[in-house]
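Numbers here are sequence positions counted from 1. Below, each value reflects all heavy atoms present in this structure, side chains not excepted, and no hydrogens, waters or symmetry copies.
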Amino acid sequence: LQPHLPPPPPPPPPPPPPPPPPQCSNPPLSPAKKLYQVLAEGQLQPRNVREELKSLLQNRSDSFSKELNWLLINKPVPSLIQDGPQCGLVALWMAGHLLDAPEAVSLEKIVNCAVENNYTVQGEMFSGDNMVNLAKEVFACHGELLTDGLMGSNRSRILSHLKAGYPVLIPYDEDFNHEPCLRKGHRAHWAVLTGVLLGLKCKMLQDVYEKDHDIPGLHHLAGGAAGASYPEDCVVEVYLLAKQGKSLKYQLWEYERVHQSNVQLAEFSPKRGSDGTAYIVPDGGVKLGLCGVVILLQPLFPVSKLTAPTTNN
C-alpha cells in the first residue's frame, strides 16, 4: 500500500498590481474671459486722474479748436470691470462714490438688492425706473429720471449737475471701442458720466479759473472757486467724461453723439433673445425702459446747491 501523502500547498497568490501613477489634479476650468476682461488685466489703474485726462486730451488735441478756451471739470470715480452683463450695476457702483454714502457699498450688495427686487437675473438692467429705485434703496440718495435724451431743457440740467460734482447714469449703444454708436439698442450698455469738457468763446476770469501748465488753452477751476460761472450762450462745444464697466480708463465723448445713441434705444438684441438666457425686460421693452433715459443722482441735500450757468438777459 502507498502511504497517504498530503496535497501540495496551493501556489502563492500573485503579487498585487503596482499602484497607478499619481494623477495631476487639474483645477476646475474657469469660464472663458471676455476680451475686455483680458485687456483690462493688462491695464494699470491710473494713479493720477488729472494726468490721465490731460493725456487723453493731448492724444486728441486735433479735435479741439484753438480759437476756444477749454474748461475741464471732473469729479473722479474708481474703475471696476464687470463680470457678465452687469454694466448698469457697475456704473451705479462707480457713481456711488460721489453720493456721500455713510458706509462703503459693495457691488455684491447692489447685485443682491437688484435680484431681490426682481430688477435683474444676470445683472442686466433694462429699466430706468428700476435703476432709480435701486440707487435710492442702496445709497439712500436722491434720484431723478429724465426722459427725451440729453438735449432741449435736459441739456442745462445735465451740465449743471455734472459741474456740481454729481454723477449721471446714461444708457447707450456701445461700439467695439466702448464709444456710443447707433445699433437700435442691440448693444445697449450703461455708463456713468462724472465730468465735462467745455469749449467756451468767452474770457476766462483769473480768480475763477487757472491755466493748465502743459496744455495751451485748457483751464481748470481755481482752488477755492465756488464753481464754474459763464454765460450759457458762450458754450460752443461740449464733451462728456465717462466710465463704463469694460475699461479702467476714462473716455471722452461728444455730447451730441451720446444723445443720438441714447434716443435710438428701441429693440432687444436678437442675439440675446436667442441665447437661452433669462433676462428681465420691462413691459414695453427696451424702448420704454431705456430710450431717452438719463438719471441724475446726488446726495440727500437741497437741490438748490447745484450751480447753474448764468444767462444773458
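With N262 contributing its side chain and V293 its backbone, the two residues share a donor-acceptor pair below 3.5 Å. A donor-acceptor pair is defined here as one N or O able to donate and one able to accept, closer than 3.5 Å; no such pair exists between the side chain of S127 and the backbone of G289. Looking at T120, its side chain never comes within 3.5 Å of a backbone N or O of M125 through a donor-acceptor pair. Between the side chain of N154 and the backbone N or O of T147 there is at least one donor-acceptor pair closer than 3.5 Å. Side-chain N or O atoms of H142 include none that pairs as donor or acceptor with a backbone N or O of Q298 at under 3.5 Å. Here the side chain of E267 pairs no donor or acceptor atom with the backbone of V286 at under 3.5 angstrom. Side-chain atoms of N69 never come within 3.5 Å of backbone atoms of L200 as a donor-acceptor pair (strictly under, hydrogens ignored). Without hydrogens or angle criteria, D173 side chain to G185 main chain gives a donor-acceptor distance under 3.5 Å. Between the E124 side chain and the Q122 main chain, a donor and an acceptor come within less than 3.5 Å of each other. Using modelled atom types, one side-chain atom of D275 and one backbone atom of T277 make a donor-acceptor pair closer than 3.5 Å.
For K271, the NZ atom is loosely surrounded, since the number of other residues' heavy atoms within 6.0 Å does not exceed 12. Annotation for D283: atom CG does not count as buried by contact number, only 12 or fewer foreign heavy atoms lying within 6.0 Å. Atom NZ of K54 has more than 12 neighbouring heavy atoms from other residues, nucleotides or ligands inside a 6.0 Å radius.
The same ILVMFWY cluster, assembled from side-chain heavy atoms under 4.5 Å apart, contains both L218 and V236. A single hydrophobic cluster is not seen to contain both V263 and L296; linkage of ILVMFWY side chains at heavy-atom distances under 4.5 Å, directly or through other members, places them apart. L182 is not connected to L240 by any chain of hydrophobic side-chain contacts under 4.5 Å among Ile, Leu, Val, Met, Phe, Trp and Tyr, and they are in different clusters. Hydrophobic clustering (side-chain heavy atoms under 4.5 Å, transitive across Ile, Leu, Val, Met, Phe, Trp, Tyr) groups M204 together with V196. Follow the hydrophobic side-chain contacts under 4.5 Å out from V111 and you reach L80 in the same cluster.
In this structure, I170 CD1 and H259 NE2 are separated by 9.5 Å, a value rounded to the nearest 0.5 Å. The distance from atom CG of L288 to atom CG of L265, rounded to the nearest 0.5 Å, is 12.5 Å. Atoms NZ and OG, on K66 and S61 in that order, are 5.5 Å from each other to the nearest 0.5 Å. Atom-to-atom distance recorded for L162:CG and L241:CG is 9.0 Å, nearest 0.5 angstrom. Expressed to the nearest 0.5 Å, how far CG of L146 lies from NE2 of H161 amounts to 9.0 Å. The line from CG of L198 to NE2 of H219 is 12.5 Å long, rounded to the nearest 0.5 Å.
Contact check for Y172 versus H189: side-chain heavy atoms found under the 4.5 Å cut-off. A heavy-atom distance below 4.5 Å is found between the side chains of V208 and L221. Between W70 and E237, some side-chain heavy-atom pair lies under the 4.5 Å cut-off. Taking 4.5 Å as the limit, some side-chain heavy atom of R155 sits within range of a side-chain heavy atom of V238. Annotation: side chain of V294 is in contact with side chain of L150 (closest heavy-atom distance under 4.5 Å). Side-chain contact between V77 and P167 is absent, with no heavy-atom pair separated by less than 4.5 Å. The shortest distance between side-chain heavy atoms of L92 and F139 falls below 4.5 Å. Proximity of L57 to Y239: side-chain heavy atoms (C-beta onward) are nowhere separated by under 4.5 Å.
Of all the heavy atoms in A191 and W253, the pair that sits closest is CB-CH2, 3.8 Å. Summarising the geometry of G128 relative to L290, their closest heavy-atom pair is N-CD2, 4.4 Å, with the distance given to 0.1 Å. Residue L99 comes nearest to C141 through the heavy atom pair CD1-SG, 3.9 Å, listed as atom of the first residue, atom of the second, then distance. Heavy atoms only, all atoms of each residue included: W93 and S79 are closest at CZ3-O, 3.9 Å. Between A114 and L89, the shortest heavy-atom distance links the atoms CB-CD2, 4.2 Å. Closest approach of L300 and A140 over heavy atoms only: CD1-O, 3.0 Å.
Using the six-membered ring where Trp is involved, F126 and F268 have ring planes that are perpendicular, over 60° apart on the 30 and 60° scheme.
Residues H178 and Q251 bring no donor and acceptor atom of their side chains to less than 3.5 Å of each other. T194 and K243 are not linked by any side-chain donor-acceptor pair at a separation below 3.5 angstrom, with hydrogens and angles left out of the test. Q58 and D214 share no donor-acceptor pair across their side chains, judged by distance under 3.5 Å alone.
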Could you walk me through whether M151 and Y255 pass side-chain contact (heavy atoms from CB on, under 4.5 Å), step by step? CA-CA 9 Å; M151 302 303 284; Y255 192 97; 3.6 Å; yes
Apply side-chain contact (heavy atoms from CB on, under 4.5 Å) to residues L197 and F64 and explain how you reach the verdict. CA-CA 10 Å; L197 176 68; F64 311 124; 3.9 Å; yes
Could you go through L297 and L98, starting from their C-alpha distance and side-chain angles, then the distance that decides it, and tell me whether this counts as side-chain contact (heavy atoms from CB on, under 4.5 Å)? CA-CA 9 Å; L297 300 177; L98 303 181; over 6 Å; no
Begin with the C-alpha distance, continue with both residues' side-chain angles, and end with the deciding distance and a verdict on side-chain contact (heavy atoms from CB on, under 4.5 Å) for V132 and K136. CA-CA 6 Å; V132 171; K136 291 179 178 179; 3.7 Å; yes
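The side-chain tip of R187 points at the ring of F176 from less than 6.0 angstrom away and within 45° of straight on.
For the pair K246 and E174, the salt-bridge criterion is met [side-chain N within less than 4.0 Å of a carboxylate O]. Salt-bridge annotation for E144 and R157: present, with a side-chain N of the basic residue lying under 4.0 Å from a carboxylate O of the acidic one. Taking a cutoff of 4.0 Å between a charged side-chain nitrogen and a carboxylate oxygen, K201 and D233 do not qualify as a salt bridge.
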